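In this text, all values refer to a predicted model and were calculated from it rather than measured experimentally. These numbers come from the heavy atoms of this one structure, side chains and all, not from hydrogens, waters or symmetry mates.
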Amino acid sequence: MLDPKLLRTELDDVAVRLQKKYFNLDVSQVEALEAERKSAQMAVEVLQAERNKQSKMIGQAKAQGEDVAPLLAQVADLGARLAEQKTQFESVSEQFQSLVLAIPNIPDASVPVGKTEDDNVEIRRWGEPGSFDFPVLDHVALGEQGHSMDFEVAAKVTGSRFVTLRGELAQLHRALTQFMLDLHVNEHGYEEVYVPYIVNSESLRGTGQLPKFGEDLFKLEGEKDFYLIPTAEVPVTNLLRDVIVSEDQLPLQFVCHTPCFRSEAGSYGRDTRGMIRQHQFEKVELVQLLRPEDSAQAHEALTHHAEVVLQKLELPYRVVNLCGGDLGFASAMTYDLEVWLPGQDAYREISSCSNYLDFQARRMQARWRNSRTGKPELLHSLNGSGVAVGRALIAVMENYQQRDGSIAIPAVLHSYMGGKAVLFRDV
RNA sequence: GGAGAGAUGGCUGAGUGGUCGAAAGCGCUCCCCUGCUAAGGGAGUAUAGGUUGAUAGCCUAUCCAGGGUUCGAAUCCCUGUCUCUCCGCCA
């Protein structure tokens, strides 16, 4: 959520800056609602002040044994007038609130101009895509060995966009997860957290998935407002909802492994082959909450932490700075890591590292107490995948494939695979 | 699932219709005293919104949340959420 004060004082400027995200802010609507809000709120508060004053007088009169009937007569219609104004004010502020909740975060000045992912700007590359002296297979073909990766059985068990893994491949999937968690905990100083995989709507509002993007979520049937998490970002960032932390606890750095569930509405026909886009996948997520002055640097550091995963796995990747049109709703600036997939002959997203500034924190009232001023201030929140486990798995498969269909295991994973160095040797 | 209890400021904990945003204690901050890692005295110490040149004032809201009763609600009524205790069940 944007600062309502900003909408009041720099509305035109905000509108201009939001254009970069191809969001058209209806300036006159905001102005009109704000004007209405102001007069409605003042009307309510004046009446409330009047009521409080009168009630106090009645109380005093009664205490002195005086006849309060005339005083009561004076306030006879006050309640009705107040109720009327209140209804009016509530309706206006509700409208204003839902309008503001639907406004995306303002992109950072450094965000490239552009509409689609083609306009993203490459920042750097790491590693060289390997050259193969045999026809490369994609992960689907590689996974067919021994039914290690099976989309058909998953379709039977559940439906499309699900997968089952078996044997060594399932193990490798787990090994990747453990490796990433250990790396971030032991070398990057993150605190590991375990969280619910089901969240309520307040949490989703806090991180920005709701109210606008409900169609991307799996909602549970029942009386409660429960959803499957689309990312660990939701439960982890919401740990700080309605919390004021002391400055010496900052920065908060959490790493969390969870499954993620996405309906993938609107992506019909895209990435239908293979494990790239699934309704269920796993992710090791990095989340940081810290002082505003630290967030820019932390964003670079967090991105680097995700990169280290790929470097240690020796997977070629590049880093792109998302253009305005490709930027997420809540993000002010996002770096995507794109890993090289020989099977697709392309770089594909494997991590997305975003700085939300105070956008999420304002929605969820996540604050810290500034020791200098003694006052609570909004935190800045960041997160990034460190990294998507399913995509890391297919990146390893495709980049480490060998002529005979076996797959070498990256050196850093050997210890997690019981010393094993090759997959599918005996298949 | 059954039965009961509860939710008040950073913490403990008073407060059952009227100057209660809320006693007291603890903690914390500042000042005084004290020649010392003790004690004492004083002042202060929530958040959000509005108004304003203003981190000054003033106004409003907030005692789990949402409704209701009332001129007036932390206090009464209803609903919900959460916590605790006992029983049952259970990975």
Pair [X]-[Y], side-chain donor/acceptor within less than 3.5 Å:
{"X": "A/Gln64", "Y": "A/Gln60", "result": "no"}
{"X": "A/Lys283", "Y": "A/Thr258", "result": "no"}
{"X": "A/Thr207", "Y": "A/Glu233", "result": "no"}
{"X": "A/Gln145", "Y": "A/Ser148", "result": "no"}
{"X": "A/Asn52", "Y": "A/Ser55", "result": "no"}
{"X": "A/Thr334", "Y": "A/Asp336", "result": "no"}
{"X": "A/Glu45", "Y": "A/Gln41", "result": "yes"}

What integer number of Å spans the [atom1] atoms of [N] and [M]?
{"N": "B/C90", "M": "B/U83", "atom1": "P", "result": "23 Å"}
{"N": "B/A23", "M": "B/G67", "atom1": "P", "result": "27 Å"}
{"N": "B/G66", "M": "B/U8", "atom1": "P", "result": "16 Å"}
{"N": "B/G72", "M": "B/U85", "atom1": "P", "result": "41 Å"}
{"N": "B/G6", "M": "B/A46", "atom1": "C1'", "result": "23 Å"}
{"N": "B/A39", "M": "B/U51", "atom1": "P", "result": "48 Å"}
{"N": "B/A22", "M": "B/C63", "atom1": "P", "result": "13 Å"}
{"N": "B/U52", "M": "B/G68", "atom1": "C1'", "result": "37 Å"}

Only pairs with both distances under 3.5 Å count, Watson-Crick or wobble alike; so what is the partner of [N] in this structure?
{"N": "B/A5", "value": "B/U83"}
{"N": "B/A91", "value": "none"}
{"N": "B/U51", "value": "B/G57"}
{"N": "B/G72", "value": "none"}
{"N": "B/G25", "value": "B/C11"}
{"N": "B/G17", "value": "none"}
{"N": "B/U62", "value": "B/A46"}

Spacing of [X] atom [atom1] relative to [N] atom [atom2], expressed in whole Å:
{"X": "A/Arg8", "N": "B/G49", "atom1": "CZ", "atom2": "C1'", "value": "9 Å"}
{"X": "A/Phe89", "N": "B/G50", "atom1": "CZ", "atom2": "C1'", "value": "9 Å"}
{"X": "A/Glu50", "N": "B/C59", "atom1": "CD", "atom2": "C1'", "value": "13 Å"}
{"X": "A/Asn52", "N": "B/U60", "atom1": "CG", "atom2": "C1'", "value": "8 Å"}
{"X": "A/Glu34", "N": "B/G50", "atom1": "CD", "atom2": "P", "value": "8 Å"}
{"X": "A/Leu47", "N": "B/G72", "atom1": "CG", "atom2": "C1'", "value": "15 Å"}
{"X": "A/Glu202", "N": "B/U81", "atom1": "CD", "atom2": "P", "value": "12 Å"}
{"X": "A/Arg362", "N": "B/U47", "atom1": "CZ", "atom2": "C1'", "value": "16 Å"}

Using only heavy-atom distances, decide whether a donor-acceptor pair under 3.5 angstrom links the side-chain of A/Lys56 to the base of B/G18.
->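 Answer no: no donor N or O sits under 3.5 Å from an acceptor.
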Determine the contact category for [X]: base if any of its heavy atoms lies under 4.0 Å from a base atom, sugar-phosphate if only primed atoms, P, OP1 or OP2 are that close, otherwise nothing.
{"X": "A/Gln48", "result": "sugar-phosphate"}
{"X": "A/Gln74", "result": "nothing"}
{"X": "A/Lys53", "result": "nothing"}

For RNA chain B, whose closest nucleotide is more 5', that of A/Ala49 or that of A/Pro376?
->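 Its nearest nucleotide lies further toward 5', so the answer is A/Pro376.
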Using heavy atoms to find the nearest nucleotide of RNA chain B for A/Arg51 and A/Leu72 separately, return the residue whose nucleotide is more 5′.
->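 Residue closer to the 5' terminus by nearest nucleotide: A/Arg51.
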Give the nucleotide from the list [options] with an atom nearest to the side chain of [X].
{"X": "A/Glu45", "options": "B/G50, B/C82, B/C71", "value": "B/G50"}
{"X": "A/Lys62", "options": "B/C71, B/A48, B/G50", "value": "B/C71"}
{"X": "A/Gln41", "options": "B/G49, B/C71, B/C59", "value": "B/G49"}
{"X": "A/Gln60", "options": "B/U19, B/U47, B/G50", "value": "B/U19"}
{"X": "A/Lys375", "options": "B/C71, B/U47, B/U81", "value": "B/U47"}

Reckon A/Arg367 has a side-chain N or O less than 4.0 Å from the OP1 or OP2 of B/A48?
->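 Looking at the OP1 and OP2 atoms of B/A48, one of them is under 4.0 Å from a side-chain N or O of A/Arg367.
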Kindly state whether the ring of A/Phe329 and the ring of A/Phe359 have centres lying under 6.0 angstrom apart.
-> yes
